[in-house]
Amino acid sequence: MWILHVDMDAFVASVELRRHPELVGQPIAVGGRGDPQQARMVVMSASYEARALGIHAGLPLRRAVRKVPELVVVPVDQAEYLAASAEILQALREFPMPIEPWGLEEFFLSTDRADPEDLALELQASVLADTRLVCTVGIGENKLQAKMATRHAKPARIFKITRENWPLLMDHRPAGDLWGIGERTAEKLAELGIGTIAELGAADEAMMAKRFGPTIGPRLARMGRGEGDTEIVTEPQQAKSRSHAVTYPEDLTERAEIAARVEGLARDLATSVIADGRQVVRVAVTVRNAGFFTKTLPLKLPEVSTDPELVASHALLVLEKFPLDRPVRLLGVRVDLA
DNA sequence: TCTGGGGTCCTAGGACCC
DNA sequence: TCTGGGGTCCTAGGACCC
């Protein structure tokens, strides 16, 4: 059995180019609400033309346009990306195989076919024909191998990683290159003398369990050897939480205004999830202050609720636990769902 | 010329009960 | 005149991903 990882190329930027064909060939960045001079906004996605000029996700918009004055900045339109993702899923469903969406722009598939490369070509052609969007396909014996293969194949190509070529391709690379190992874990591994993927694969699992916990520790060691999940979860998973956060162009300093914003965010979010037939079990409030210090505090509701006002009032209770002694840059609310 | 927004999973530790 | 050990719920926080 093979796992295929379908990953859309410059997904958000490509969706925007699809509906703005006059911009094709120009460097474009998607981010913010349409004003590239808006403070505190960053690039969400950049076209390959923009990437060639040094524009990348996470770059502040104002810095991006200073760097590339001819950069075209397009506002974020989440609903459009959601719709495009559904189109891609529909194109993939023409193939009789299990499919697991992974975020909006990635999909894992499994197949018993003996010619996964041919299948990958068919998938690419079909997605392009149906959606006018380009994807890369990674092939592996599990999700980790397939995901790492995709990186070798970007953009628009196909690559296969198996237990045979894993050591040659991966052993010498830093452990932090692996999908699932971020900066913090890479630092902790370095403290243990583990720098490369080969060293991670050779690590003692009992020692790893002691350092990282019984679940994560041994899993990290297995990842170093290229071992991973093969299960494709085709059932659409019910969302476990929904959240909304806003970074304000200028800091909020008045407690009354902060409270009013939190209350509004909570009420709107609760109203939306309840309209979708869900129940709220917990509400959490996030405050990021001017120093970028960020804290989230949760609170369980007295009972499962479908009352936006109850959610809003509990969000305010949570807010009271914050000192609010510094100007506030971001407020967020999350609801955990039954 | 600082640092978006939306998610998931895992762990540690305290409270409480038997 | 001593104070085990397991289970469960909850909070708080860490880490990672796209």
Side-chain angles (χ1 to χ4, degrees), chain A residues 5-13 29-33 36-46 56-67 73 75-79 81-82 85 100-108 143-144 147 150-151 175-189 209-220 223 229 233 237-249 265 269 272-273 281-286 288-302 318 321-322 329-337:
Chain A
H5 177 244
V6 172
D7 192 334
M8 305 311 296
D9 293 343
F11 174 63
V12 162
V30 182
R33 296 159 196 143
Q37 292 307 326
Q38 171 94 69
R40 300 180 167 179
M41 289 295 149
V42 300
V43 173
M44 178 186 183
S45 177
H56 57 85
L59 187 68
L61 271 189
R62 291 205 290 197
R63 218 193 300 178
V65 294
R66 235 186 3 263
K67 193 171 188 173
V73 177
V76 174
D77 181 356
Q78 203 65 41
Y81 316 138
L82 212 60
S85 183
E100 178 177 353
W102 195 267
L104 292 185
E105 55 175 291
E106 298 182 33
F107 305 84
F108 285 105
K143 286 180 176 174
L144 177 61
K147 177 88 184 176
T150 302
R151 293 196 192 158
D177 279 6
L178 287 173
W179 179 45
I181 298 186
E183 201 178 335
R184 303 292 306 149
T185 303
E187 281 172 17
K188 289 182 197 167
L189 289 172
K210 203 162 199 168
R211 182 67 184 81
F212 294 96
T215 304
I216 291 177
R219 183 199 293 163
L220 287 170
M223 285 164 57
D229 257 7
V233 181
Q237 300 296 296
Q238 283 237 95
K240 297 178 171 65
S241 66
R242 201 183 298 177
S243 64
H244 185 55
V246 179
T247 293
Y248 300 98
L265 285 170
L269 186 63
S272 154
V273 301
V281 296
R282 190 188 355 251
V283 59
V285 173
T286 298
R288 172 173 293 156
N289 71 25
F292 218 72
F293 177 77
T294 309
K295 189 178 173 72
T296 300
L297 290 175
L299 180 67
K300 193 172 156 61
L301 299 183
V318 179
K321 298 185 199 172
F322 288 90
R329 160 189 189 104
L330 167 145
L331 291 173
V333 172
R334 186 188 81 228
V335 288
D336 293 344
L337 305 173

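Small disclaimer: the values here were computed from a predicted structure and weren't measured. Chain A is the first sequence line, chain B the second, and so forth, proteins listed ahead of strands; every chain is numbered from 1.
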(message) Of the listed nucleotides (B:dT3, C:dA15, B:dT8), which one gets closest to any side-chain atom of A:T185?
(response) C:dA15
(request) Please work out if A:W179 contacts a base, only the sugar-phosphate, or nothing of the nucleic acid, heavy-atom cut-off 4.0 Å. (result) sugar-phosphate
(message) For the backbone of A:Y248 and the side chain of A:R40, can you confirm whether one donor and one acceptor N or O come within less than 3.5 Å of each other?
(response) yes
(request) Say whether, by atom type as modelled, one donor and one acceptor occur between the side chain of A:S45 and the main chain of A:A13 under 3.5 angstrom. (result) yes
(message) Using the P atom as the point on both nucleotides, what is the distance between C:dT3 and B:dC17, in whole Å?
(response) 23 Å
(message) Tell me whether the side-chain N/O atoms of A:R288 come closer than 4.0 Å to OP1 or OP2 in B:dG4.
(response) yes
(message) With the 90 degree cut-off around zero defining syn, does C:dC2 come out syn or anti?
(response) anti
(message) When you compare the side chains of A:R242 and A:S272, does any donor N or O come within less than 3.5 Å of an acceptor on the partner?
(response) yes
(message) Classify the ring geometry of A:H5 against A:F108: parallel below 30°, tilted from 30° to 60°, perpendicular beyond 60°.
(response) tilted
(message) Just to be sure I follow the notation: if a pair is Watson-Crick (purine N1 to pyrimidine N3 plus N6-O4 or O6-N4) or a G-U wobble (N1-O2 and O6-N3), each under 3.5 Å, what dot-bracket string does DNA chain B give, with | for pairs to another strand?
(response) ....||||||||||||||
(message) Using modelled atom types and a 3.5 Å cut-off, is there a donor and acceptor pairing between side-chain atoms of A:R33 and backbone atoms of A:Q38?
(response) no
(message) Is it the case that the side chain of A:T296 and the backbone of A:T294 share a donor-acceptor pair, with hydrogens and angles ignored and the cut-off at 3.5 Å?
(response) no
(message) Base, sugar-phosphate or nothing for A:L330? Non-hydrogen atoms, less than 4.0 Å.
(response) sugar-phosphate
(message) At 4.0 Å (heavy atoms only), tell me whether A:L104 reaches a base, stays on the sugar-phosphate, or touches nothing.
(response) nothing
(message) Base, sugar-phosphate or nothing for A:R66? Non-hydrogen atoms, less than 4.0 Å.
(response) base
(message) Heavy atoms only, 4.0 Å cut-off, all strands: where does A:E106 land among base, sugar-phosphate and nothing?
(response) sugar-phosphate
(request) Might you point out which heavy atoms bring A:V43 and A:H56 nearest each other, and give the distance in Å? (result) CB-O, 3.5 Å
(request) Would you classify A:R329 as touching base, sugar-phosphate or nothing, given that sugar-phosphate means primed atoms plus P, OP1 and OP2, and contacts are heavy atoms under 4.0 Å? (result) base
(request) Could you tell me whether A:A239 contacts a base, only the sugar-phosphate backbone, or nothing, with contacts defined as non-hydrogen atoms closer than 4.0 Å? (result) sugar-phosphate
(message) Base, sugar-phosphate or nothing for A:L82? Non-hydrogen atoms, less than 4.0 Å.
(response) nothing
(request) Between B:dC2, B:dG6, B:dG7, spot the one nearest the side chain of A:A245, thanks. (result) B:dG6
(request) Look at all strands and tell whether A:V246 reaches a base, only sugar-phosphate, or nothing, counting heavy atoms closer than 4.0 Å. (result) sugar-phosphate
(request) Name the closest nucleotide to the A:I216 side chain, picking from B:dG5, C:dT11, B:dT11. (result) B:dT11
(message) How many whole angstroms separate atom CE of A:M44 from atom P of B:dG6?
(response) 10 Å
(request) Indicate, with a heavy-atom threshold strictly under 4.0 Å, whether A:K147 touches base, sugar-phosphate, or nothing. (result) sugar-phosphate
(message) Suppose you measure atom C1' in B:dC2 against the same atom in C:dC18; what distance do you get, rounded to whole Å?
(response) 22 Å
